[in-house]
Amino acid sequence: MKIFLKTEDEIDLMRKANRLVGATLGELAKHIKPGTTTLQLDKIAEEFIRDNGAIPTFKNFPNPYGPPFPASICTSVNEVVVHGIPDDKTVLKDGDIISIDCGTYLDGFNGDSCYTFCVGEVKPEVRNLLKVTKESLYKGIENAVAGKHVGDIGNAVQEYSESFGYGVVRELTGHGIGKKMHEDPSIPNYGARGRGVLLKEGMCIAIEPMITMGDKSIGMMPDRWTIVTRDGKPAAHFEHTVAIRRGKAEILSSFDEVEQLEGNLY
């Protein structure tokens, strides 16, 4: 395992890459409505990222199990947990939820963040899944401080999510991030307090709870990317990139643009 501690100058570059991800998610929020295809969202995201001088990291991202990822964002609708591939056949409908995972590469560093959106009128029990998943992300971030351990983050996410009866996906985790999109260490959304890698100032990590309304079991679709819940129930996914500090983590990405448009949905 090789963990890279970032300098303040490097964290500043990461902050810019991550703020661009937040701005991209905010731009996409304007177009998330019934009748929009996931491919339309992908085209909007790619154009916005490139117009701002960055590269969409996900495009042609390598896959150890199959072909590289063909798009600029992951669009995961309803029972799709992560890695949904945008296409012109997936049309958003009233009552859907869609998680959009976005990555940018700007001035040598990566940004990475995800937000799960409501499409039109969404059932209260599904909105609650989104609310709890998002809250669990911030519970994890509260534990992402120098002197604690990776297990403290995962334990906070797990205990909070499971207290509502939701499932916590085990096979997919958060990760270190910097010059590469995925660096050490892995950041599971479950674990034991005081266990795992010691968190040090200058580490940058992506924390990303993937929480299911039903059973935590998942499966991979034949495209070798799309991950779905086995029971067909909805899943939510929220992600922030943070810098480890003493006392309190610094959130480098931002949901501000999205939340200004969405208001208080849940």
Side-chain angles (χ1 to χ4, degrees), residues 25 29 32 74-84 93-101 112-145 148-175 186-196 205-219 226-242 248-249 251 253 255 258-259 262-266:
L25 292 173
I32 293 172
C74 299
T75 52
S76 304
V77 179
N78 296 331
E79 75 278 4
V80 179
V81 184
V82 287
H83 303 162
K93 304 185 301 297
D94 190 61
D96 284 344
I97 57 172
I98 177 172
S99 68
I100 298 183
D101 197 349
D112 190 13
S113 183
C114 180
Y115 197 93
T116 303
F117 299 85
C118 293
V119 183
E121 289 296 318
V122 173
K123 291 178 182 176
E125 60 265 32
V126 179
R127 286 204 307 270
N128 193 62
L129 171 68
L130 271 57
K131 177 176 183 285
V132 169
T133 304
K134 190 180 183 185
E135 288 170 349
S136 78
L137 168 61
Y138 290 102
K139 298 282 184 187
I141 291 171
E142 286 173 11
N143 286 274
V145 294
K148 289 206 173 194
H149 294 257
V150 164
D152 293 298
I153 298 172
N155 182 268
V157 171
Q158 179 184 10
E159 283 200 348
Y160 189 72
S161 301
E162 289 183 347
S163 73
F164 291 87
Y166 297 143
V168 179
V169 172
R170 301 294 202 270
E171 295 87 344
L172 302 155
T173 70
H175 50 90
S186 294
I187 311 293
N189 294 304
Y190 64 95
R193 293 192 180 278
R195 304 294 292 272
I205 59 174
I207 302 172
E208 47 179 321
M210 290 157 268
I211 309 300
T212 63
M213 183 170 273
D215 191 81
K216 65 180 182 293
S217 299
I218 59 171
T226 307
I227 303 294
V228 297
T229 58
R230 284 194 176 273
D231 60 12
K233 292 182 179 178
H237 178 203
F238 288 86
E239 176 182 19
H240 269 317
T241 293
V242 305
K248 186 179 179 181
I251 301 174
S253 45
F255 292 157
V258 171
E259 290 170 343
E262 278 208 332
N264 188 21
L265 278 180
Y266 47 82

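Note that the structure is predicted; figures quoted are calculated from it, not measured.
- With sequence neighbours left out, Tyr160 forms a side chain to side chain donor-acceptor pair (under 3.5 Å) with Glu135.
- With sequence neighbours excluded, the residues forming a ring-ring contact (aromatic ring centres under 6.0 Å, His included) with Phe255 are Tyr115, His240, listed by chain and number.
- Scanning both residues, Tyr166 and Leu129, for their nearest heavy atoms gives OH-N, 3.5 Å.
- For Glu142, there are no salt bridge (Lys or Arg N to Asp or Glu O under 4.0 Å) partners at least two apart in sequence or on another chain.
- Contact record, Val242 with Ala144: CG2-CB, 4.3 Å, taken as the closest heavy-atom pair.
- Remark: Glu239 engages no residue in a side chain to side chain donor-acceptor pair (under 3.5 Å) (not counting sequence neighbours).
- Annotation: side chain to side chain donor-acceptor pair (under 3.5 Å) contacts of Arg170 (sequence neighbours excluded): none.
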Go through the steps to decide whether Ile100 and Ile32 satisfy the test side-chain contact (heavy atoms from CB on, under 4.5 Å), and finish with yes or no. CA-CA 10 Å; Ile100 298 183; Ile32 293 172; 3.8 Å; yes
Run the side-chain contact (heavy atoms from CB on, under 4.5 Å) check on Arg193 and Asp152 step by step: do they pass? CA-CA 4 Å; Arg193 293 192 180 278; Asp152 293 298; 3.3 Å; yes
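- Of the possible polar contacts, one joining the Ser76 side chain to the Gly84 backbone as a donor-acceptor pair under 3.5 Å is found.
- Enclosure of atom NZ in Lys216 is not indicated, since only 12 or fewer non-hydrogen atoms of other residues, nucleotides or ligands lie within 6.0 angstrom.
- Under the rule for a side-chain contact (heavy atoms from CB on, under 4.5 Å), the partners of Val122 that lie at least two apart in sequence or sit in another chain are Ile97, Cys118, Val126, Arg127.
- Annotation for Thr229 and Pro234: closest pair CG2-O, 4.5 Å, computed over non-hydrogen atoms.
- In this structure, Phe238 and Thr133 approach most closely via the heavy-atom pair CD1-CG2, 3.7 Å.
- Residue Val169 comes nearest to Thr212 through the heavy atom pair CG2-CG2, 3.9 Å, listed as atom of the first residue, atom of the second, then distance.
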Chi angles and distances behind the side-chain contact (heavy atoms from CB on, under 4.5 Å) call for Ile227, Glu171: CA-CA 10 Å; Ile227 303 294; Glu171 295 87 344; over 6 Å; no
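- Rounding to the nearest 0.5 angstrom, the gap separating the NZ atom in Lys139 from the CD1 atom in Ile207 is 14.0 Å.
- Distance CD1/Ile205 to CD1/Ile141: 8.5 Å, rounded to 0.5 Å.
- No donor-acceptor distance shorter than 3.5 angstrom exists from the side chain of Asn78 to the backbone of Asp96, with no hydrogens or angles considered.
- Qualifying side-chain contact (heavy atoms from CB on, under 4.5 Å) partners for Glu125, counting only residues two or more places apart in sequence or in other chains: Lys123, Met213.
- Gln158 places a side-chain N or O within 3.5 Å of a backbone atom of Gly191 that can act as its donor or acceptor partner.
- Expressed to the nearest 0.5 Å, how far CD of Glu208 lies from CG of Asp101 amounts to 6.0 Å.
- Minimum interatomic distance between Val258 and Phe117 (heavy atoms only, all atoms of both residues): CG1-CE2, 3.6 Å.
- Looking at residues two or more places apart in sequence or on another chain, you find a side-chain contact (heavy atoms from CB on, under 4.5 Å) between Thr173 and Ser186, Pro188.
- Judged by distance alone, the side chain of Ser99 and the main-chain N or O of Ala236 form no donor-acceptor pair under 3.5 Å.
- Considering only residues two or more places apart in sequence or on other chains, Asn189 meets the side-chain contact (heavy atoms from CB on, under 4.5 Å) condition with Val157, Val168, Pro209, Met210.
- Scanning for side chain to side chain donor-acceptor pair (under 3.5 Å) contacts around His149 gives an empty result, with sequence neighbours left out.
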